[in-house]
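Worth saying up front: this structure is predicted, and the values here are computed from it rather than measured. Just so we're on the same page: letters track the sequence lines, and every chain starts at 1.
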2 protein chains.
Amino acid sequence: MVYYDYSERKWQLRCEMCNEEFGGRAAAWICKECLEKIHREMDILKSDISFLRLDPPPPVTSSASASSGLVLLQSAVNSDGAFASVPVDRVVLVSRSPVFKVMLDTDMEESRTGVIKIPDASPNVLQSFVSYLYTAELNLDEDIALDLITLANKYQVVHLKECCERYMACNVTLDNAIVSYAFARLHNAKLLQDAARSLIIENFLTLREGEDYKKLLKQDPHLIVELYEAYFTNLASTKESNVEV
Amino acid sequence: MVYYDYSERKWQLRCEMCNEEFGGRAAAWICKECLEKIHREMDILKSDISFLRLDPPPPVTSSASASSGLVLLQSAVNSDGAFASVPVDRVVLVSRSPVFKVMLDTDMEESRTGVIKIPDASPNVLQSFVSYLYTAELNLDEDIALDLITLANKYQVVHLKECCERYMACNVTLDNAIVSYAFARLHNAKLLQDAARSLIIENFLTLREGEDYKKLLKQDPHLIVELYEAYFTNLASTKESNVEV
């Protein structure tokens, strides 16, 4: 949008989406037809999503039993010996996860008994996991996100894993960067790994004085070597580009 | 994009989406951040959709039998007495259609027998219907679109109905405008109805000489009255705006 700013006594430009002034920022010129088209397309995509969401199963109970056609997911046993079960629809499991698909489509114990044990999940995490399989929606906090990355990696639910990784990548700080990096490497979480590594490299000299560095050095020195290598590769490419300038 | 057109010897503007010249068309100015954001959002929406799509059941057979936890949808009986059955997952039916939800959640015959008869559907149409319930995807032609609007209206699958209506609305011509209007009114298909009516009003004096007009006049004179009223309302508002000009 172009308008005349009387107080500044000059023509101003505002972005027609965020309504912010351009200032020195770059602008794209889009014809109105394209803009309307992209909004229509987004509306259609959103309505596809709301159509495709399934009614999720009822909340976790400890008394649920497998009824016909359903599979039971069972959480880890608590310290008091109790565990939680969630009845889930077979079609949801096989559509969302290639691991569940093999379990249920071939002659494995899970397909015979209709029970899949998820030993790494608390009842809470199990509920979030199932809910996501039905709706692709989540309320995330840091603990749940980490547990879900573990589960999603194990059962190859790539979409859930990426969703949690994006959340965690936005929440990487100097306080958790090294722990996040080690976690991401363990669970093959590429997005989170890249975010954590970038932050570590930028602050490498500070972080290598901290406790997390020392712990990781004891637990897994290979990862520390990786970080050194990344730091020096970055240093070299920065120098090169400075020389070019 | 702004560039200097040497052949025309002047500055030109192109839309950064469709790459067409603006000419006299209106342009919107969008900052690059917003444009990138909207593309990222669209990518996420698309990946949500591909995650939420379910593996559809196997193609229609005439020998399928209801296995545990599944419901059978049965098509209309053909002239040779055969019909087709498709096994479908209960969770899909109840999530997509409030009519199926009532059938299957309350003590009705369908919930007891696990069989839902769809008397208005050929095997082909039944297959497309089920496939859409699982995937929100369709290969449409005019005949299938009309049959699916009928089914989607009956079972209140609004999303499918709108998808078929959008397709039909793009395919309304002078040859089918009156038939389309009558069909849309019968099945409460608002989008298609509006598209057909607009075309009819623009060409009312021609169309009222045609066969379809005469047939509809016999079958349902109320609809013809509606069209006359719409035509004159439009005429009046056009005159008014001409006067204003």
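Within the 4.5 angstrom heavy-atom criterion, only backbone atoms of T135(A) (N, CA, C, O) approach chain B. With a 4.5 angstrom heavy-atom cutoff, K37(B) does not touch chain A via any of its atoms. Within the 4.5 angstrom heavy-atom criterion, atoms from both the backbone and the side chain of R53(B) approach chain A. Heavy atoms of V157(B) lying under 4.5 Å from chain A belong exclusively to its side chain. Contacts between E33(B) and chain A at a heavy-atom distance below 4.5 Å involve the side chain alone, from C-beta outward.
Taking every heavy atom of both residues into account, A28(A) and L35(B) meet most closely at CB-CD2, 3.7 Å. In plain terms, the two heavy atoms of V92(B) and L54(A) that are nearest each other are CA-CD2, 4.2 Å. Between R96(B) and L52(A) the shortest heavy-atom distance is NH1-O, 3.0 Å. Scanning all heavy atoms of the two residues, the minimum distance from C31(A) to C15(B) falls at N-SG, 3.3 Å. Taking every heavy atom of both residues into account, D55(B) and V91(A) meet most closely at O-CG2, 4.0 Å.
Note that the NE2 atom of H159(B) and the OG atom of S50(A) stand 6.5 Å from one another [nearest 0.5 Å]. Atom CD1 in I49(B) sits 5.0 Å away from atom CD1 in I49(A) (nearest 0.5 Å). Rounded to the nearest 0.5 Å, atoms CD1 (I38(A)) and CE (M42(B)) are 5.0 Å apart. In this structure, the separation between CD on E20(A) and SG on C34(B) is 8.5 Å, given to the nearest 0.5 Å. Remark: E16(B) CD to W29(A) CH2 distance equals 9.5 Å, nearest 0.5 Å.
I30(B) has its side chain within reach of I30(A): a pair of non-hydrogen atoms, C-beta onward, lies under 4.5 Å apart.
More than 12 heavy atoms of other shown residues, nucleotides or ligands fall within 6.0 angstrom of atom NZ in K154(A). Within 6.0 Å of CG on N139(B) lie no more than 12 heavy atoms contributed by other residues, nucleotides or ligands.
Note: S95(B) leads A136(B), S95(B), A27(B) in heavy-atom pairs under 4.5 Å with chain A. Among I44(A), V158(A), L133(A), D48(A), the residue with the largest count of heavy-atom pairs under 4.5 Å with chain B is D48(A).
Ring geometry for Y132(B) against F51(A) counts as tilted: the plane angle lies between 30° and 60°, on a 0 to 90° scale.
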